[in-house]
Amino acid sequence: MHLFTTIAALGCYLNSEKSVASHVQIGLVPTMGALHSGHLSLIQRARQENAIVVVSIFVNPLQFGPKEDFQDYPRNLEQDRLLCEQAGVDVIFAPSELEMFGKSGIDAGNSEMPVLKLIDSSSLTQVVPPAAMTSVLCGKSRPGHFQGVAAIVTKLLSLVQPTRAYFGQKDAQQVAIIRQLVADFNLPVEIIACPIAREASGLAMSSRNQYLTQEQKQQASVLYRALQQGLKTFSSGDRTAEVILALVKAEVAQESAVSLEYAELVDPNSLIPLEVVETAGLLAVAAKIGSTRLIDNIIMRNRLPIVAIDGPAGSGKSTVTRQVAQALGLSYLDTGAMYRAVTWLVMTTNTPMGDELAIAELVNSSYLEYNLDPSSLTLKINGEDVTEAIRSLEVTARVSEIAAVPAVRQFLVKQQRLCGKTGGIVAEGRDIGTNVFPDAELKIFLTASVQERSRRRLLQLNDTDRAKTSLEQLERDIALRDEKDSTREVSPLRKAADAVEIETDGLTIAEAIDRIVGLYKERIVNSQF
């Protein structure tokens, strides 16, 4: 593991790695140090999804107000270094204030050593998020805070140029603002929000928890209990902010040591206050216990469940997923068909397979039409019905190649997420549970051996006019596709951490369907009562 304190050294390292693999995937975990289990969960996710993991450790003075705890904020670089090393981090970037801001933020005075002063942000280039997003929730009591966050995150994204950047959902307002920043500036990075890590009492993990005594930690757990009261009310059918917030405030009021700063219900993306939760709501609280300020939140979704079924080529996902959708009375999203349709389009327009620029132009000037009824699936691209044409061997042989093109995946992931906005779907693919619907209520990883998948594919082809290939050739083709899918740079095939793996070598289609339907009833239907 490398520890860099200068921008130059970090740049040299990253340039060296990119010279070996130009499209190397980099995961960035921005932190202010004082690492805890919550940070480690972000690092673990980044480690699973990227070739290189960079953890930045920088206590950013721009996001602290004059009366806040900048000087006292916990700092322990050596302990952080040990934790990062154990977690498999490749690089720690721990710059000084002088390194990050130059002389504009430093006052040398009469001393030989520069001393950090309260930085005048007007001396720096400003990054100003939308006022509507910074004037609510924590922005009310922390003026300038999110401008400071936006400035340092923009700088880190510029320096590291990561494929993905990981943030904790506890800082939900920060996540929403950074996502807006990335979208508005068209920055080529995926912002990933990871679930809140909690102590046994339910208290959200935070570096500031170090300020609390054991008694105060127990008292502070009332925040999570209050959020759960709100969620319980929401789940029972009352989705009005007035009722939910009243219950949250009443619960917190039972703990006299905790002073509630706010309890609000807002849209998770725009942060606009809600009166009623139509699709999703962010229930957020902030409070003080002693002199320590704590925040917490949960997202409440008013949608039907999503079942995400991933797995390698030929594992029977399409057949199983379609029949599961029929059995549960849900819609069916065949994402593989979408990728096949784009592949068909590239081939029929004679667009060179290796010309990513031409493919990006072609795809983003096209439109898909499809229905989600599992009993009558059709798919059109640019008005042409391709439902049958996309199942050809020629399309099958090239679909992984096209699916690996970043522009194709970005275009189709947007389409797929729109299909799942209100839930009530069973979706299949190779990154449904890990990338498209990471918050799906049930995730399945359906798999089978190469030999079994090849045998099934041969039986399918025997019933068509395309039965011109051997079992051995199918095994080679499927093994090659597995390798491409699992090693591709964008959203590689992998099992989600919370997915249930179902090996289907010894199962009939009906048995696989029964198992998934049983899991749905056990985990979703029964949990609603």
- [ ] May I ask you to establish whether Arg75 and Phe70 are in a cation-pi arrangement, using a distance under 6.0 Å from NZ or CZ to the six-membered ring centre and at most 45° from the ring axis?
- [x] yes
Open item on the list: If the threshold is 4.0 Å, N to carboxylate O, is there a salt bridge linking Arg47 and Asp90?
Closed with: yes
Task: salt_bridge(Lys443, Asp498) N-O dist < 4.0 Å - done: yes
Open item on the list: For Asp296, is there an ion pair with Arg198 - N to carboxylate O distance below 4.0 angstrom?
Closed with: yes
TODO: Taking the side chain as every heavy atom from C-beta outward, state whether Thr5 and Pro95 have any pair of such atoms under 4.5 Å apart.
DONE: no
Open item on the list: For a 4.5 angstrom cut-off between non-hydrogen side-chain atoms, does Leu231 reach Leu227?
Closed with: no
- [ ] Using the six-membered ring of Tyr166, assess whether NZ or CZ of Arg45 lies under 6.0 Å from its centre and within 45 degrees of the ring axis.
- [x] no
- [ ] Kindly write out the residues that satisfy side-chain hydrogen bond (donor to acceptor under 3.5 Å, both in side chains) with Glu68, not counting sequence neighbours, or none if the list is empty.
- [x] Arg142
Task: Heavy-atom side-chain proximity of Asn435 to Glu190 below 4.5 angstrom - done: yes
Open item on the list: Please check this pair: side chain of Asn60 against backbone of Gly148, looking for a donor-acceptor N/O pair closer than 3.5 Å.
Closed with: yes
TODO: Please tell me if the side chains of Val285 and Ile295 come closer than 4.5 Å, counting only heavy atoms from C-beta onward.
DONE: no
Open item on the list: A side-chain contact here means heavy atoms from C-beta on lying under 4.5 Å apart; do Ile7 and Glu99 qualify?
Closed with: yes
Task: Donor-acceptor contact present, side-chain Asn15 to main-chain Gly11, <3.5 Å - done: yes
TODO: If a pair satisfies salt bridge (charged side-chain N to carboxylate O under 4.0 Å, His left out) and one of its residues is in residues 271-294, list it, with sequence neighbours excluded.
DONE: Glu261-Arg293
Task: Side chain Asp267, main chain Ile272, donor-acceptor under 3.5 Å - done: no
Open item on the list: Donor-acceptor check, side chain of Thr154 to backbone of Ala150, threshold 3.5 angstrom: yes or no?
Closed with: yes
